[in-house]
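A short write-up of the structure that comes next.
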Amino acid sequence: MPELPEVEVVRLGLEPAIVGATLRDVRVLEPRSLKRHDARRGDFVGMLIGRTVNSAQRRGKFMWFPLDGSGTGDHVDALVTHLGMSGQVLLNTRDASPERHLRIQFVIEPGDGEPLLMSFVDQRIFGSMAVDYLVAVGDRWVPSQVAHIAPDPLEPAFDDERFVAAIRAKHTGVKRAILDQTLISGVGNIYADEALWASKIHGERATERLTRAQAESLLAEIRVVLQKALAEGGTSFDEQYLNVNGESGYFAHSLNAYGQTGRPCPRCGTPIVRKSFMNRGSHFCPRCQRR
DNA sequence: AGACCAACCTGCTGGC
DNA sequence: TGCCAGCAGGTTGGTC
């Protein structure tokens, strides 16, 4: 579910509560939600109890919380979170009843104020949490399991020139390319369809046939749609995406292509088409977006 | 090396 | 009413 804007909404919501807070209790109700955790480095719960959170970071769809105190050896450890398709992180007071798909729950004690419950809720268990160590990549420290992905287009480290050259050097379809997190991170199925619509590019267009101007335009539209969605609190279709307070985002009202099958293209009126491709739905205007 | 797809999960909807 | 196919916002590991 959650793409960059949704993850950023969650990160922004967690930041004031969790930075400076100490993890006082951790309960793992669903061990499969730890699939990203490398148990050879230590027990997930044991590595977290008593640790204090230093900051709230994100790259693409990964979010992590560096911890103070010595990590394993010379490493700085972080609590890493990926929401997968249906993950949420919710903040509640301690008297709240457990959520339907509660997988991991923390009691966090802020520097000042009452302890809170931080709940990792995930229907499909594609998301997960882990304790991982930070490694230096370019100008940032990121968890080792995040080192392979590219910067996202909203961070300063993103290199526009490198992106334009790299996508044009690939031999694949444009939509595939922008969903490739090692080329550009943070874009998922919704915002891929929206950015392609905005830049009038068919998702199956060959990347090697993209002109430099088209690649630049596509990148610009990716940034626009991600920023606009972020400003509107992300995209919610149902209860599967909520912010830390359990509230929906509003960007679903602004979608031009994704999920708009049969509705008129806002630009030319031609009905939006849905086509199954790479095992997921792709939505586009057959008139504005030619192969 | 790079491209591609199956697998990992649960739950809801729509057609018969 | 019941059953089943199809679909859902993502990443990974393996094969070619």
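Remember, predicted model here, so these are calculated numbers, not experimental data. Proteins get letters first, then strands, A, B, ... in listed order; numbering begins at 1 in each.
The distance from atom CD of A:E99 to atom P of B:dT10 is 19 Å, rounded to the nearest whole Å. Whole-Å rounding puts the A:N243 CG to C:dG9 P distance at 21 Å. Nucleotide B:dC4 holds its P atom 14 Å from the CG atom of A:L183, rounded to whole Å. The distance between atom NZ of A:K61 and atom C1' of C:dG10, rounded to the nearest whole Å, is 6 Å. Here C:dG9 presents its C1' atom at 17 Å from CD of A:E232, a figure rounded to the nearest Å. One atom, CD of A:Q260, and another, C1' of C:dG9, lie 15 Å apart when rounded to the nearest Å. Whole-Å rounding puts the A:L179 CG to B:dA3 C1' distance at 14 Å. Between the OH atom of A:Y241 and the C1' atom of B:dG11 there is a distance of 21 Å, given to the nearest Å.
Searching all strands for a Watson-Crick or G-U wobble partner of C:dC4 with both distances below 3.5 Å returns B:dG14. A 3.5 Å limit on both hydrogen-bonding distances identifies C:dT15 as the Watson-Crick or G-U partner of B:dA3.
If you check every strand for non-hydrogen atoms under 4.0 Å, A:G127 touches nothing. A:S276 comes within 4.0 angstrom of nothing in the nucleic acid, heavy atoms only. At the heavy-atom level, A:D122 lies nowhere under 4.0 Å from the strands shown. Within 4.0 Å (heavy atoms only), A:R280 reaches at least one base atom of the nucleic acid. A:R274 comes within 4.0 angstrom of the backbone, heavy atoms only, and of no base.
Map A:A169 and A:Q123 each onto its nearest nucleotide of DNA chain B; the residue landing nearer the 5' end is A:A169.
With a 6.0 Å cutoff to the six-membered ring centre and a 45° limit on the axis angle, A:R59 does not count as a cation-pi contact of A:W64.
Judged by centroid separation below 5.5 Å and plane tilt below 30°, A:F126 stacks onto the base of B:dC8.
Counting only heavy atoms from C-beta outward, the side chains of A:R103 and A:V121 never approach each other to under 4.5 Å. A:V28 is not listed as a side-chain neighbour of A:S33, based on a closest heavy-atom distance of 4.5 Å or more. Proximity of A:L23 to A:T52: side-chain heavy atoms (C-beta onward) are nowhere separated by under 4.5 Å.
Classification of A:R58 and A:D152 as a salt-bridged pair holds, one side-chain N sitting under 4.0 Å from a carboxylate O.
A close approach under 4.0 Å does occur between a side-chain nitrogen or oxygen of A:Q181 and OP1 or OP2 of C:dT11. An OP1 or OP2 oxygen of C:dT11 is reached within less than 4.0 angstrom by no side-chain nitrogen or oxygen of A:R36. OP1 or OP2 of C:dC7 has not a single side-chain nitrogen or oxygen of A:R124 nearer than 4.0 Å. When the side-chain nitrogen and oxygen atoms of A:H82 are compared with OP1 and OP2 of C:dT12, none of them lie within a distance under 4.0 Å. Of the side-chain N and O atoms in A:K35, none sit less than 4.0 angstrom from OP1 or OP2 of B:dC8. Contact between the side-chain N/O atoms of A:T172 and the OP1/OP2 oxygens of B:dC4 is found at a separation under 4.0 Å. Residue A:H101 places none of its side-chain N or O atoms closer than 4.0 Å to OP1 or OP2 of B:dC9. The side chain of A:Y258 places an N or O atom within less than 4.0 Å of a non-bridging phosphate oxygen (OP1 or OP2) of C:dG9. Within the 4.0 Å cut-off from OP1 or OP2 of B:dG2, not a single side-chain nitrogen or oxygen of A:H171 is found. Close to B:dA3, at under 4.0 Å from its OP1 or OP2, lies a side-chain N or O of A:K170.
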Self-check item: side-chain contact (heavy atoms from CB on, under 4.5 Å) evaluation trace for A:W197 with A:C285
Solution: CA-CA 7 Å; A:W197 178 86; A:C285 171; 4.1 Å; yes

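You'll find that the side chain of A:M85 is closest to C:dG9, out of B:dT10, C:dG9, C:dC7. Side-chain proximity of A:R100 to the nucleotides B:dT10, B:dC12, C:dT11 is greatest for B:dC12.
When ring centroids are compared, A:Y258 and A:F237 come within the 6.0 Å threshold.
C:dT12 sits 24 Å from B:dG11 when the P atoms are compared, rounded to a whole Å.
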